[in-house]
Amino acid sequence: MPMLDIKNLTLEIDNGTSRVKALDRVNLTIKSGEIRALVGESGSGKSLIVAAISGALPDQFYLTADRMDWNGESLLSMSSEQRREIMRRDIAVVFQNPISALDPSATLGEQLEESIPAELVEGKWFWQRRKSRRKAAISTVHKVGIKHHRNYLNAYPHQIPTDIGQKFMIAMALISQPKLLIVDDPTRGMETTTKTQVLKLLTRLNQTRSLSILFISHDLLAISSMAHTMTVLYCGQSVESGRMKMLRKRPLHPYTKALLDSAPSFRHDLPPKSILPNMDGTIPSLKHVPIGCRLGPRCPRAQKDCVITPAVRRIHDHTYSCHFPLHMEKL
Amino acid sequence: MIRILLRYIILFVLTLLVLAGLSFSLAYLFPGDVLANLTGITAQNEMQRAALAQQFHLDSGYIVQFYHYLKNLLTGNWGYSFISGMPLSEEVRLALPATIELATYAMLLAIVIGIPVGCYAGLRSYTAADYTINSASMIGYSFPVFWLALLFILMFSLEWNIAPLSGRISLLFEVPPKTGFILIDILFADNINRLLAFRDALHHLMLPTLAISVISIASMVRITRRSVIEVKNKPFVAAARTRGLSQGQIFYRHILRNALLPILPLMAIQITTLITNAMIVETLFSWPGIGNWLIQAIYQRDYPALRIGMLAVAFMVVTLTILIDLFNRVIDPSREKYERVAV
C-alpha cells in the first residue's frame, strides 16, 4: 500500500469573479522508502502540491480530491489535531525560500530546537531537557553539513547565507525524524559541491533510514541520479508518471520527451553547436488555460481529440494521460 | 552599536538646539520689551535694566546672546513668570510631572487593553468578533477628546456623582510635591491617612485618564490588529504550521514578537497625540499640569512662561520619541543589518 496516495487532487483558486483550476486532477503516490521526483516548468503547480499536502493553503484556495490518504487515513476528513500530529511526526517539508520561511526575530537554534517533538527529548527536568535539545540540534546541524554550529545556532535568519539557510531548513525537517520528507527545490542557489553534499545526504537517509522523499526540482541531472520514480507535471495536470528508467528510455507523453530532450546532459548524441530542441511557446497563465489537454496548443502531436481531457491510462506501473502517445509501436 | 548611539545623540542635540533657537527668537517675536520677555523681570530703574542687559549680553550680536541664553538654560536660570513672579524652572517642575503622570497612565491603559484586544481581533480577522472590535475602535478613535471629556463630566460627575469634577486630590489632604507624581507623593506624605488619600487621588485620576485613553486604546487596537494580520500571512508562519506546532506555540513564539516590533515606532508617533490630548483634557478638569499652565499663560500674556513651556513640552516629546526609537533599534535583531557590508 502506498504511504501517500493522492487521486484526482483539484485545487481551485477563487479570484473574485470565477474559479480557476490551478491543479486539475493530479495523481501522486509515494511508496515507503521511495524517492519520487516531481518535475515540471515553473508555474506548473509543483509548490501548490506541496502546500496542499502540508495543509498550508490560503483561505481562498478550494481543495477537492477523490482520495488523499496518509497510510490509509484520509487527510481531508481527519480533525485538524490529527493532521497536526501527522505533520509534526511523519511529514516534514523544506520550503523553497529558506529566508522567508524562517522567523526573522528568533535565532536559528531556537527555531530548530522548537521543532523537536517532545517525546524525542530525553531527561525529566527542564535543564536536562534543554541540554538534550541542544545536543540534538547540534548533531542534526552537523549531519546536514554545517560545520560551525556555534556561528549559526545563535544567528538570526538575515545574518546567514542562503545555502546555509537551505541546509538549516533540511535540518529542521530531519530533526523530527519524519517518514516522508518533501523537499521543494532544495539545491537552489547552491554551488556544485554543496549541492552534491545535500543530494548525497538525502540519498543516504533514504538508504539507511528508508526515508521516503518527494523531491521537487528543476535539476534533471540530479533527479535522474537519485530518484526511483518520477511524476511529470504540466500546467496543473499530471501528464506522466512511472519509474525513472522507463520514463527516460521510453517516454509516452510528448511533454515528457520534450522535457528530457531539453536537458543537454541526457543527449549524448547531440552534435556540438547544434540547436537544442525545445517546445514552441510558453506555459499558459492560469487565466488562459486551454480546455482539454492543457498541452494541446503547444503539442506537436495534437489532433482534434485533444480538446477532450485524456483519461489516465496505465501500462503496468506506468501511467500517462495522452490520446496519442509516443513509442506505442514498441510496447 | 556605539555608532548608532552616537548618531542618536547628535540627532537629539541638534533637534534641541533648533528648539532652543526657536524659543530664543520668541523673545524678539513677542510684543513688548525683549529684555522683559527674556527674563520675566520688568526693570524698575535704569540701573537694574543695565545690569540685566549686561547679564544677558543684549548689547552683543544675536549669536553671542544665543550662546548666553543657552548657558542660562543649562544652569537652570529660565527667567521669571510675569504673573506669579516665581522662577519658571520651579513652576515647570511642578506642572510637567502632572502631565507626564496623566499621559503615562493613559498609555499604560492603552497597552494593557489595546494590545490583547488587537491581537484577538487580528487572530480572528474578518469574523463577527473582529468586525465588532474594529467598529468599536473606529468609533472610539473618532471622538473629539474635549467633547468626550465634557461628556464624561456631564455623565459621571454631574448626573451620577461618582467622580469629582476637577483637580488632582481633595483639598483636605495636604500632599507636599516631592516627585510631582501625586500617587508617589502620597506615599511620602506625613500626617495624612494615606489609604484615603490614595483612593481620593485615584478617583480624581479616573475621568481624565479615561478621556485620554479612549483614543489611545482605539488606535492601539487598530495598529496591533493590522500588524498581527500582516504577520499571520507571512510564509514563516505557514512553515511553522507545517512543522506541526500548535496554535498557541505559533502565536506566542512567532506571531506576537514579530507583530509587536513594528508597533513600537508607531507608539512613538502616538505620544505626540497623547500629550496634546492630555493638555486639552487638563484644562477641562483643572488638572494642574503643563497644558493647563500654558493655557493660563496664554490668557494672561505671560510671554516668558510661554517661551519656556513650549521648550519644556517639546523637550519631553523629542526625548521620548528618540528613546523609543533607540529602544526599538536595540531589541529588533533585523534592524542591525544596515551595518553589514553587502557582498
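Just so we're on the same page: letters track the sequence lines, and every chain starts at 1.
For E114(A), the parts lying near chain B are the backbone and the side chain together; criterion is any non-hydrogen pair under 4.5 Å. Interface remark: Q111(A) contributes backbone and side-chain atoms alike to the contact with chain B (heavy atom separation under 4.5 Å). Contacts of S176(A) with chain B are absent, with no heavy-atom separation under 4.5 Å from either backbone or side chain.
When every heavy atom of R84(A) is checked against every heavy atom of S246(B), the shortest pair comes out as NH1-N, 3.2 Å. Between S115(A) and R243(B), the shortest heavy-atom contact is OG-NH1, 3.0 Å. The minimum heavy-atom distance linking G244(B) with R88(A) is given by the pair O-CD, 3.6 Å. Minimum heavy-atom separation, T242(B) to F95(A): OG1-CE1, 3.4 Å.
Within 6.0 Å of atom CH2 in W127(A), more than 12 heavy atoms from other residues, nucleotides or ligands are found, so the atom counts as buried in its surroundings. Around the CD atom of Q249(B), the shell of radius 6.0 Å holds more than 12 heavy atoms that belong to other residues, nucleotides or ligands. A 6.0 Å sphere centred on OH of Y141(B) holds no more than 12 heavy atoms belonging to other residues, nucleotides or ligands. The number of heavy-atom neighbours closer than 6.0 Å to CE of M138(B), taken from other residues, nucleotides and ligands shown, is 12 or below.
Within the 4.5 Å cutoff, the side chain of K234(B) has no heavy atoms near those of the S100(A) side chain. Contact check for L261(B) versus S105(A): side-chain heavy atoms found under the 4.5 Å cut-off.
The CZ atom of R257(B) sits 6.0 Å away from the CG atom of D103(A) when rounded to the nearest 0.5 Å.
With chain B as partner, the option from L102(A), I53(A), I99(A), L57(A) having the largest number of non-hydrogen pairs under 4.5 angstrom is L102(A).
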